[in-house]
Every structure is written in structure tokens, then in C-alpha cells.
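Letters go in sequence order (proteins before strands), and every chain restarts at 1.
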2 protein chains.
Amino acid sequence: MSTAHHRKKQPLFVRQQLLEVAARLASEKGMTAVTLDAVSGASGVSKGGLLHHFPSKNMLLEALFDSLLERLDAAIEEAMRADPLPHGRFTRAYLHACLALRDQPQGTKDWAQVTMVLLTEPQLRQRWHAWVRERSEEYVGTDSSVDAAIVRLAADGIWLADLLGSHDLDESARQRLIDRLIELTRL
Amino acid sequence: MSTAHHRKKQPLFVRQQLLEVAARLASEKGMTAVTLDAVSGASGVSKGGLLHHFPSKNMLLEALFDSLLERLDAAIEEAMRADPLPHGRFTRAYLHACLALRDQPQGTKDWAQVTMVLLTEPQLRQRWHAWVRERSEEYVGTDSSVDAAIVRLAADGIWLADLLGSHDLDESARQRLIDRLIELTRL
DNA sequence: CATAACATACCAGTTGGACGGTTTCGTCAA
DNA sequence: TTGACGAAACCGTCCAACTGGTATGTTATG
């Protein structure tokens, strides 16, 4: 009966907003704080409305995780388009995507933290495995060298350090590290 | 009135067991499955008994995280004692501790997953920060080089890959990577 | 006017935790 | 040696708040 009932209906916008709210809750207050009540409350959407978009809590979490993977894919594809050299292209793009989150404005750090939170949920970890397997098969021709694997490993380490805030590297050292990693993808 | 009431009192053992059960629940079913009821039920200790050892759920989680950090400290110290060269000694020990979990028997993989699960809880992330800061200050004389930082970063990456099961490195490649990392700690 | 996009009301089960009871243990005087 | 006694280590119950989810509306949109 109240406010949101009379406003213009924007299903895609509302759906998007619900995912963002869920992401913010997860990163700020941990996984246990992501409840249907909390999400619906913080987004100004009723619980019924929330359950209309996502039939169950699992569906909500899976949709959230999928949207994060889509963003990752988009960032990687964009970086790959700007890279003329085929060999190691995917690995460089992956590295770039991992590095990017540190320099992005506010929301993107949450993004990474949510990814990690979601990875702790065993069911969603399978989705991540599938993603990794797909990519490693797709780019087996150009990114299957040992060095490339090492670079991707290091990128994960940087990703982890960035989102945990364990910054003990200064800018110049970080830049030297990145240069070296990119060099490794070309070998 | 029933069973456990009459058995011999073993406060330290019970406390230890409660932490192990909580760890197992967290790694197998995710953070949302770690409830007081679940922990007390799976450990054969009443909820009252559980709340006697850990006055609140937060206290339980913090104690669990602390015990994990203690294990990490113990593994690192052991590795450091076996290392005669001071320069980079802590970093090598840290690397060794990160690598060790893959080769350990069953329970230890859970250990790492729990660490990650707990790291998603914002309050516990601060504890991790404190741990990192302490160590980086303690070993500033021997492990503050850029290369050492890089090695620790890569160790985190390996740690993450191991516990997520994203194994795309074969044994020989892994060994070459490790050798290279150890070499870097000596520069 | 049919359907999608919401809202409101309600439910049964679960949650963290408070509370008061019972049993064991350490210790120290007699 | 004993035995009293306070503290620590448990147990079982109860509860208010919250949980995910259902069922049934009401409103907007094509």
C-alpha cells in the first residue's frame, strides 16, 4: 500500500538494485548478514517483491555470483580487445582485471569482497570451478604455459592482498612487480 | 542429567573439540551453517555447555580464528628454526607454511577453508590485519625487500588456489615455481 | 483484461542467548 | 585423611527475535 507500490515499475532496475544491496551487505557485515529481510529492508523493496525476482535465497546468491562473473568476463574481454598479441593475451587480461579493482572507485572493492564471501559457500565454489575450467580450455592454445599459470597465481595473490587491505607494497615496487609479470606472459 | 554430565570433566579437551566441530561445519557447509545449535549438537555438548566455554557466538568465532593463527605461527616458527640463513627466513617459512597445507592429510585443508571463511567476517579481518602488521614489523630487518613481498604474495596465491582446488599445475611445474620463489628470498 | 510487478499478512522452524539447576574439582582447614 | 565449600564445568529449558518461504492481495502495463 505504501510508497513503492505507486512508483513506476522498473523490474530490471529493481532487480539490479537488489543485487547491489545484497553485495553491500555481504561485504560490510559478512555472509550471515545477507538475509531476505535485510536485503528487502535496505533496498526499500518488500520481501514479497524480493521473492518475486528471486524465488529463493539460493537463487538470489547464485544470481549475484553470476552477475559478478559477468562483470569479470566483461573486464577481461575489454582488456583482450586492446591487446594485439595473441600469446598470453588472456593471462594479461586476467592480471589486468585483478589489478583494476584497486584503482576503481568505491563500489568495486565490495565487488571483490563479495566474490570471496560467495566463494566460501560450497555450492557457489562449483560455479567458480566451472568458470575456471571453461577459460582454461578456451585459451589452452595461448595461455597454457607454466609462466602464464604463475602469473595468474600471482594475480590472485595481489587480488587477495588488495581486498584484505594488506598493503605493504609502495607504488614503485608494485609497478615493478606488474611489469615483471606482464613480461612473463610474453615468454 | 544425561550422558556427558557424568563423564570426567575435561575442559580443555571439550573446548578444543568445540572449535574443531565449528571448523568442520564452516568448511563443509559454509559460514551460515555455523550456529550454536549446530555446533553443540554435532559435538555432543549442550548449548549451555558451549556458551559456558564461549560466552557468545562472536567469542567462539574469534577463538577459532585465534587458534588457527596460533597453528600458523607454530608452523612458521618450526620452519624458521630449521633455516640457518637469517635473510628472508620469515618469508621462506611463510611460503613453507602456505605450501604445507596441500601435502597434509585430511583435516588441514579444512583448516585453510575455515581461515578463508572467517576472513569474510569483517571483525575477524581486523585480527588478520593485526597479525600481518606485527609480523612485518618484527621481521623488518630480514624480510622487507621487494622480492620477499612478492614471494609472500605468490604464496598467498598458491594458498588460495590450493584450497579452491583450481589445480592446473602439474607436479614438476609446481616444484620449479617453488624453487624460483625460494631463490627470490635470498636475493 | 491478462499478466507481470509489486505489497501485506502470516507461518512454522530456527536463531542467539539468558537463566537456574546439577555435578565435579581444587584446596585448605581440622 | 577427611570433608566442607566455593568455583568451575557442565546440562536442560525457555524465549523473543528472526529466518526463509507461502499465500493472497493490489497496482501498473502492455
Legend entry - Donor-acceptor pair present, B/Lys47 side chain and C/dG17 base, under 3.5 Å: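 Between C/dG17 and B/Lys47, which were checked side chain against base, a qualifying N/O pair under 3.5 Å is present.
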Inset, instruction - Pick base, sugar-phosphate or nothing for B/Ser46, based on heavy-atom distances below 4.0 Å to the nucleic acid. - result: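 Contact class for B/Ser46: base.
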Side-chain donor-acceptor pair present, [X], [Y], cut-off under 3.5 Å:
{"X": "B/Glu62", "Y": "B/Asn58", "answer": "no"}
{"X": "B/Glu20", "Y": "B/Gln16", "answer": "yes"}
{"X": "B/Arg89", "Y": "B/Thr142", "answer": "no"}

Inset, instruction - For the residue pair B/Trp131 and B/Tyr94, categorise the inter-ring angle as parallel (less than 30°), tilted (30 to 60°) or perpendicular (more than 60°). - result: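 Ring orientation, 0 to 90° scale: tilted.
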Legend entry - Whichever of B/Ser56 and A/His53 has its nearest DNA chain C nucleotide further upstream toward 5':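 Of the two residues, A/His53 wins.
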Legend entry - Residue closer to the 5' end of DNA chain D, A/Lys57 versus B/Leu50 (nearest nucleotide):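 Looking at DNA chain D, the more 5' nearest nucleotide goes with B/Leu50.
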Legend entry - A/Pro55 or A/Ala38, whichever maps to the more 5' nucleotide of DNA chain D: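 This one resolves to A/Ala38.
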For the pair made of [atom1] in [X] and [atom2] in [N], what is the distance, rounded to whole Å?
{"X": "B/Asn58", "N": "C/dG17", "atom1": "CG", "atom2": "C1'", "result": "12 Å"}
{"X": "A/Leu51", "N": "C/dA9", "atom1": "CG", "atom2": "P", "result": "16 Å"}
{"X": "A/His52", "N": "C/dC6", "atom1": "NE2", "atom2": "C1'", "result": "7 Å"}
{"X": "A/Gln17", "N": "C/dA5", "atom1": "CD", "atom2": "P", "result": "16 Å"}
{"X": "A/Leu60", "N": "D/dG20", "atom1": "CG", "atom2": "C1'", "result": "12 Å"}
{"X": "B/Asp37", "N": "D/dT19", "atom1": "CG", "atom2": "P", "result": "15 Å"}
{"X": "A/Lys29", "N": "D/dC18", "atom1": "NZ", "atom2": "C1'", "result": "15 Å"}

Legend entry - Residue B/Leu36, side-chain heavy atoms: nucleotide from C/dG17, D/dC18, C/dC6 that is nearest: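 For B/Leu36, the side-chain atoms sit closest to C/dG17.
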